[in-house]
Amino acid sequence: MTHLDTRTLQQLDAAHHLHPFNDNAALAKRGTRLLTRGEGCYVWDAEGNQLLDAFAGLWCVNIGYGRPELGAVAAKQMTELAYYNSFFQCTTAPTVQLAAKLAELTPYDLNHAFFSNSGSEANDTILRMVRHFWAVQDRPQKNIFIGRHNGYHGSTVAGASLGGMKGMHAQGGLPIPDIHHIDPPFWFADGGDLDPEEYGLVAARRLEQKILELGPERVAAFIGEPIMGAIGVYIPPMSYWPEIERICRQYDVLLVADEVICGFGRTGEWFGCQTFGFRPDIMTLAKGITSGYIPLGAVMFNDRVAKVLATQGGELAHGYTYSGHPVCCAVALENLRILQEEKIVDTCKADTAGYLRQRWLELGAHPLVGEARITGMVGALELVPDKSERKFFTERGKVGVRCRDLALKNGLILRATYDSMLLSPPLVISRAQVDELVEKTWRALDETAGEL
Ligand SMILES: *Cc1c(COP(=O)(O)O)cnc(C)c1O
């Protein structure tokens, strides 16, 4: 690769590269920030700025940047066998080993893996497989999925339809038919006078109302993120998920946990369903599965679903060229080895997550912060005009973006959704780095408040 200077790269970027989730006209004017290097919890940009990445890339770099072991494993696998597919009664060793490893790591009887290249594709897979699951049992009319408004399940046609982002539905004529949404559990804005645990039950029972409205014989599955990430880290009350599970069991509706963010240690346990005490039939995985070092997604199915697909399903008319790609699976195995052997998830649970929680909650005292929330290694600060009320700014998102930009100027990457400042650092963050993170966040809040 020839070396190009930053300015040239920015010009080429503006001329030739359409960015995802960006106002591309505004971006071209401003010039892209180029990232050049990563190490642990830090990344460096082309101007030489060192940035503490409190967002782990996009919720994914769980083991931190710059681990040479993953590159070494990829190089070895590429040299030995760069590619072979799992169609036509074939497969490769890393593919099989990863399926077995995921069966071991995931809880309950989630023992069967199907591989994709991303979380979105994994959710597309789930939509087709679940409808197929009911159809082959002579219940083709049981095909409706229920998701949640403002949920995020990816950007493909099925993923964006299952998700409940209005702005996404508006582009491309979504959602596709037979997908419905209920309101999410967000006590801060929606809880009224109820205490959070009471409210959790009220929010969960929206699913029961929706199932009864549609008819249980029509409803195939409910899909949800254990913690809703993209919309602003909505952490449900502990009462929510067990009640969702009760409802799903009562009406024989499959329960799908989209663990793309929550999986692999993010919430303090290995998986979000363990943190929140429920038992999914199907699980979506991506992001932390490779710590973002290489693209990979997976669907885990429980024994019940796998058995129907295996014995009554006939030939599975679904798959990706790169399903179970050997290089991606080898890298995932190495990532999981590091997470396990270096006790990264255990260390968060026993030490750093508790410390991060204590320090993050201190930020709740800032005059601009209406709520500081956190579970494990994922959290948010809700910026508000008046601390004494659970109300948003009238023009939503302006203050959040300003705070994000000021944090960046101070060498800290935080993400903003509306006026929620989102936190999701690499799981390897140290106590000293937590201190740095909290100090820089406090400064960004002060500077933002100073401008209001
Ligand atoms: C990121 C994300 C997805 C989509 O994954 P991609 O790899 O971007 O396709 C799906 N679900 C959740 C909860 C996510 O956060």
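Remember, it's 1-based here, ligands and their atoms both numbered in the order they're listed.
For Tyr84, the OH atom is loosely surrounded, since the number of other residues' heavy atoms within 6.0 Å does not exceed 12.
Distance alone, capped at 3.5 Å, places no donor-acceptor pair between the Thr417 side chain and the Ser420 backbone.
The distance criterion of under 3.5 Å between nitrogen or oxygen atoms is not met by Ile261 with respect to ligand 1. Between Ser120 and ligand 1, at least one N/O pair is under 3.5 Å apart.
Atoms of ligand 1 lying under 4.0 Å from any heavy atom of Asp258, numbered from 1 in the order shown and given with element: 10 (C), 11 (N), 12 (C), 13 (C). Residue Gly119 has at least one heavy-atom neighbour below 4.0 Å for each of these atoms of ligand 1: 4 (C), 5 (O), 6 (P), 7 (O), 9 (O). Residue contact check: His153 has heavy atoms under 4.0 Å from atoms 10 (C), 11 (N) of ligand 1.
Checking Asn150 against Tyr234 by side-chain atom types alone, no donor-acceptor pair falls below 3.5 Å.
Ring-plane geometry between Phe264 and Phe271 is classed as perpendicular, the angle between the planes exceeding 60 degrees on a 0 to 90 degree scale with a lower cut at 30. Under the 30°/60° scheme for interplanar angles, the aromatic rings of Phe392 and Phe188 are found to be tilted. In this structure, Phe21 and Tyr152 have perpendicular ring planes: the angle between them is above 60°, well past the 30° mark.
At least one heavy atom of Lys287 sits less than 4.0 Å from an atom of ligand 1.
Contact annotation for Glu225 and ligand 1: only side-chain heavy atoms (C-beta onward) come within less than 4.0 Å of the ligand. The backbone and the side chain of Tyr152 each have at least one atom closer than 4.0 Å to an atom of ligand 1 (non-hydrogen atoms only).
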